Enquirer: 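Please read through the structure below; I'll follow up with questions.
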2 protein chains.
Amino acid sequence: MKGIRQLAKHLDISIGTVSRALNGRPDVNEDTRKRVLAAAEELGYVANQSGRSLRQGTTNVIGLMIESSKETVENSDNFFLGVTGGLQSVLSRHKLDLLMLPCPNDEDPHEYLKRMVARRIVDAMIISATQRVDKRIDLLIKTKIPFVALGRSTSGGNHTWIDLDFEGVAACAVDRLVSKGHRRIAIAAPSNDINLGYIFVDAYRKSLERHGIAFDPALVIRVKSSEQGGYQAGHEMLRLESKPSAIILIYELMAIGLYRRLNEAGIVPGRDLAVIGFREEPRGKFLQPSLTCFRMSLRDLGVELAETLLATMPAYAEHYPKGARSTIWPLELAPGESDAFSLTS
Amino acid sequence: MKGIRQLAKHLDISIGTVSRALNGRPDVNEDTRKRVLAAAEELGYVANQSGRSLRQGTTNVIGLMIESSKETVENSDNFFLGVTGGLQSVLSRHKLDLLMLPCPNDEDPHEYLKRMVARRIVDAMIISATQRVDKRIDLLIKTKIPFVALGRSTSGGNHTWIDLDFEGVAACAVDRLVSKGHRRIAIAAPSNDINLGYIFVDAYRKSLERHGIAFDPALVIRVKSSEQGGYQAGHEMLRLESKPSAIILIYELMAIGLYRRLNEAGIVPGRDLAVIGFREEPRGKFLQPSLTCFRMSLRDLGVELAETLLATMPAYAEHYPKGARSTIWPLELAPGESDAFSLTS
DNA sequence: CCGCTTTTCGGAAACGTTTTAGTATGGCAG
DNA sequence: CTGCCATACTAAAACGTTTCCGAAAAGCGG
């Protein structure tokens with residue numbers, strides 16, 4: 001005899017009343033409610049989650065699925081830990097807790113999610129690193145689990161998603177470089193298999209064409225999104241017959257490797273070559289010269305994610321009457337010294 | 001009527017037999033077992049976790065508590081994501097899943113853990129960022145939840161913990177610098193409030209004294225463990241009246257800031273000042289000059305963590321007959337160019 | 001053919017909670 | 001005084017699963 005039963009016996013009261021008192025139900029005398037709360041506090045009673053969720057089919061837990069693949073570990077640079085701050089601040093207001101579900105790298109993300117969903121351990125999900133076709137989305141729709149995807153996708157009709165404003169960033173970077181007279185602008189990006197690689201390069205191409213500059217496939221350098229990739233990107237760029245005067249990096253981390261390769265070749269970023277990075281992480285400003293890149297608040301993104309998710313959950317939707325089902329998250333230009341090189345002056 | 005009942009009805013078999021078939025119990029005919037498994041696969045049946053854990057008081061889930069404080073986000077640099085790889089590889093062999101519990105930065109970690117434990121959502125815990133006195137440890141001992149702490153602590157008698165070999169690293173760094181003739185060796189570390197700061201500086205002091213070098217408090221520069229902190233450390237070091245010829249950094253990230261400050265002062269690391277970092281992250285080797293630091297495998301640490309934890313869980317202890325209750329995790333020297341500066345030659 | 005063990009299965013209890021339905025009690029209008 | 005309603009409580013059912021216990025069937029030695 002444990003749990004609420006013990007508490008009820010200790011108070012010489014029925015367990016039903018204890019439960020209603022703890023859960024703030026109306027039909028319980030205020031005096032008894034106080035007694036119950038005091039006793040619960042004293043005995044350190046907290047409702048067993050299994051029994052509770054078995055009965056009411058809810059867990060008050062939100063899952064955030066992340067991948068712990070080698071790639072992610074090296075690149076994401078605490079992206080998720082940063083986002084959780086904003087997530088928590090919203091979720092805690094509704095007494096919801098956040099659980100991170102790291103998908104093992106040797107397991108299919110779809111299978112992993114299926115297992116977690118079947119377990120009924122979460123009320124809703126946030127999935128990240130969404131692919132262009134992503135079975136996880138169909139699964140979540142089929143099982144009717146509220147969710148929001150971090151990353152756009154074409155799977156499963158129109159679901160709710162949030163993604164970074166790659167188009168805006170690419171346009172801003174290209175505009176900025178073109179206004180300084182650059183016509184041959186290289187870009188270092190991951191392969192088209194990665195959603196980001198596809199979208200970003202596509203946006204880059206469109207931005208160029210808007211300026212009447214022909215898209216040159218040779219200027220698209222496909223590398224890993226890491227320092228190593230940045231080094232390699234520098235290497236490949238230097239081997240081009242017609243050298244670019246500017247380069248856009250999809251990951252700021254690449255800049256560290258790129259700088260090193262440029263240094264070996266005696267090229268100074270910002271003086272001989274304009275460099276613009278993408279997502280700012282706390283490294284860029286300490287490089288020499290400091291990196292021009294795009295800034296965003298991970299915390300704010302987390303807040304937006306949480307609010308969008310709650311809007312899709314029937315029990316909470318009333319507080320978050322969102323119309324938009326998909327959000328493009330803007331980034332702000334954070335100017336540095338690395339793109340000072342200009343062809344116009 | 002859902003779940004196992006439906007499955008049983010579909011097979012025209014009792015639910016008890018279905019359950020036993022799915023859980024691999026011996027007293028069930030192999031033919032019926034096959035039928036059950038096939039039907040479960042076909043109908044996509046997975047046992048509801050709430051019902052299951054309510055009955056058997058177990059969840060098959062291991063919790064990893066991390067802090068999502070600003071400090072952690074900026075410094076830990078995907079430490080946890082890296083460790084999870086190793087954790088998962090061991091846990092999945094026992095059909096255990098890993099859950100990351102990010103403690104909100106505005107909540108007391110102790111209260112957060114209490115809530116999570118009361119929920120009965122995990123069978124065992126791994127807690128990180130252990131403090132020298134840490135109420136979480138008393139809580140876990142009191143509630144009899146198997147756990148292992150990442151970081152040493154004096155709380156709660158002798159519990160199981162794993163920590164990095166700060167003594168070994170400090171000794172190795174000091175030895176190496178002293179062998180090159182350095183006598184005034186500075187150290188950049190966080191304050192004594194942080195466990196790491198206390199232990200590392202203490203080990204540094206002992207190493208110096210072993211070489212007969214007097215400990216000079218002025219050479220201990222207390223800064224944040226970030227690029228910013230590294231920059232500041234450089235700044236403070238340059239203001240010392242009697243300048244050191246070498247410096248040890250507790251976080252490799254500091255090197256980026258330090259390098260920048262040194263550059264501003266016209267000082268070249270490895271030529272005018274010997275620099276040794278601590279934990280290698282994939283940045284150091286791309287700095288110029290490359291950083292001498294200490295390397296470890298996050299994955300292996302995760303494996304060790306998982307095996308140590310399983311050894312403390314009665315249901316799994318048989319496979320992991322560990323004697324040691326505490327482990328010092330070694331790091332390996334990764335030589336670079338930054339400590340080339342020598343006073344002996 | 002009998003008694004015994006082994007194999008295989010069905011029925012039912014149990015896990016801890018919430019919630020529904022029902023029951024006293026008291027107040028109040030008629 | 002009677003009927004009615006609001007209040008505050010109790011009792012019991014339900015959530016989905018696992019596991020204990022007993023029983024039927026089957027095998028087997030005598």
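Quick note on labels: first sequence line is chain A, next is B, and so on, each numbered from 1. Note: hydrogens, waters and symmetry copies are ignored here, and every other heavy atom, side chains too, is used. The model shown is predicted, which means the values in this text are computed figures rather than measured ones.
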Enquirer: Starting at atom CZ of B:Arg33, determine the distance to atom P of C:dT7, rounded to an integer number of angstrom.
Expert: 14 Å
Enquirer: Testing B:Leu139, B:Val148, B:Leu150, B:Ile137 for side chain to side chain contact (heavy atoms under 4.5 Å, CB included) with B:Ile127, which one passes?
Expert: B:Ile137
Enquirer: Quick one: A:Leu43 CG to C:dG16 P, roughly how many Å, whole number?
Expert: 16 Å
Enquirer: Roughly, in whole Å, what's the span from CG in B:Asn48 to C1' in C:dC15?
Expert: 13 Å
Enquirer: Of the nucleotides C:dT18, D:dT10, C:dA14, which one has an atom closest to the side chain of A:Arg20?
Expert: D:dT10
Enquirer: Below 4.0 angstrom, N of the basic side chain to O of the carboxylate: do A:Asp134 and A:Arg136 qualify?
Expert: yes
Enquirer: Starting the side chain at C-beta, find the nucleotide from C:dG16, D:dC9, C:dC9 nearest to B:Asn29.
Expert: C:dC9
Enquirer: As a test of reading the structure: which of D:dT19, D:dA14, D:dC9 is closest to the side chain of A:Arg55, going by heavy atoms?
Expert: D:dA14
Enquirer: Is the CG atom of A:Asp27 crowded by more than 12 outside heavy atoms at less than 6.0 Å?
Expert: yes
Enquirer: To the side chain of B:Ile4, which of D:dC15, D:dT10, D:dT17 is closest?
Expert: D:dT17
Enquirer: Among D:dG16, C:dT19, D:dC9, find the nucleotide with the atom closest to the side chain of A:Gln56.
Expert: C:dT19
Enquirer: For the side chain of B:Leu54, counting heavy atoms from C-beta on, which of D:dG16, D:dT17, D:dT19 is nearest?
Expert: D:dG16
Enquirer: Remember a base hit wins even if backbone is also touched, and classify B:Thr32 as base, sugar-phosphate or nothing at under 4.0 Å, heavy atoms.
Expert: sugar-phosphate
Enquirer: Of the nucleotides D:dC20, C:dT18, D:dT17, which one has an atom closest to the side chain of B:Ala47?
Expert: D:dT17
Enquirer: More 5' along DNA chain C: A:Asn23 or B:Asp12, using each one's nearest nucleotide?
Expert: B:Asp12
Enquirer: Distance check needed: D:dG16 C1' versus B:Lys9 NZ, whole Å only.
Expert: 16 Å
Enquirer: Run the salt-bridge test on B:Lys114 and B:Asp108 with the 4.0 Å N-O cut-off and return the result as yes or no.
Expert: no
Enquirer: A:Asp27 has a side chain; which of D:dA8, D:dT18, D:dC15 sits nearest to it?
Expert: D:dA8
